[in-house]
Amino acid sequence: AGCCGPINSKLCTKEASTTDTPGWKNPWGYDCAYYARHWCADGDFKKGSEWTGGKKCSYPEDNCVVCGKTEAIRSGKHIIRSGFDDRCLIFGHNGHGQFPERHMWGTNHKELCGWPDKAQLLDNKQAVWKVQHIAGDKYIIRSAFDDRCLI
């Protein structure tokens with residue numbers, strides 16, 4: 001235990017909730033109610049409104065149910081995206097790579113590393129991580145593929 005060192009990434013989890021993140025607004029002051037009226041419906045962006053999501057808009061897909069905020073990828077499993085370029089952190093070579101790398105499988109569904117749905121992402125296993133709280137702000141992050149530590 002405790003084999004993983006600190007990392008400089010943002011943990012991109014979908015909170016275990018079916019409610020909007022309280023007080024969330026994008027950098028221009030638009031909240032989830034506004035997104036529901038204009039840009040999102042049924043847990044996704046309306047066609048042509050994808051530009052209103054992602055990092056530049058403070059991730060409405062992670063904060064507004066109408067845009068896609070859902071439960072964790074699956075009980076205790078998470079995606080980690082690089083704070084450098086927003087790509088997903090993976091062990092490449094079908095999970096057998098020696099070192100972690102940043103990757104995105106496509107330009108759509110960035111919240112799932114480019115996979116069209118959670119089941120396919122989970123089946124691939126390369127971009128799914130387990131986070132274990134140690135104490136205070138200390139965590140261990142392990143691959144859900146083979147339990148190796150992210151260092």
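Start at 1 with the first residue, then count along the sequence. Remember, it's a predicted structure, so these values are computed and weren't measured experimentally.
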Please test Q126 against W105 for side chain to side chain contact (heavy atoms under 4.5 Å, CB included), starting from the C-alpha separation and ending with a verdict.
CA-CA 11 Å; Q126 293 180 83; W105 281 274; 3.6 Å; yes

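- Classified by interplanar angle (parallel below 30°, tilted 30° to 60°, perpendicular above 60°), the ring pair W39/Y34 is perpendicular.
- Residue H96 holds its NE2 atom at 8.0 Å from CG of D146, rounded to the nearest 0.5 Å.
- Proximity of a side-chain donor or acceptor of N26 to a complementary backbone N or O of S58 within less than 3.5 Å is not detected.
- Although no hydrogens or angles enter the test, the distance criterion places a donor-acceptor pair under 3.5 Å between the side chain of N63 and the main chain of Y59.
- With rounding to the nearest 0.5 Å, the separation of CG in D147 from CD1 in I140 is 9.5 Å.
- With hydrogens and angles disregarded, a donor-acceptor distance shorter than 3.5 Å links the side chain of E61 to the backbone of G54.
- To the nearest 0.5 Å, the span separating NZ on K47 from CG on D44 amounts to 11.5 Å.
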CA sep, side-chain torsions, deciding dist, call: C57, W28, side chain to side chain contact (heavy atoms under 4.5 Å, CB included)
CA-CA 8 Å; C57 293; W28 298 273; 3.8 Å; yes

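- Of all heavy-atom pairs spanning D20 and V66, the tightest one is OD1-N, 4.5 Å.
- For the atom pair S143 OG and I90 CD1, the distance stands at 10.5 Å (nearest 0.5 Å).
- Residues S49 and Y35 are not in side-chain contact: their nearest non-hydrogen atoms beyond the backbone lie 4.5 Å or more apart.
- C67 approaches F45 most closely through the heavy-atom pair SG-CE2, 4.3 Å.
- Separating the NE2 atom in H103 from the CZ atom in F91 is a distance of 15.0 Å, to the nearest 0.5 Å.
- A distance of 5.5 Å separates SG of C32 from CH2 of W24, quoted to the nearest 0.5 Å.
- Summarising the local packing, NZ of K25 is surrounded by 12 or fewer heavy atoms from other residues, nucleotides or ligands at distances under 6.0 Å.
- With sequence neighbours left out, the salt bridge (charged side-chain N to carboxylate O under 4.0 Å, His left out) criterion links D85 to R87, R102.
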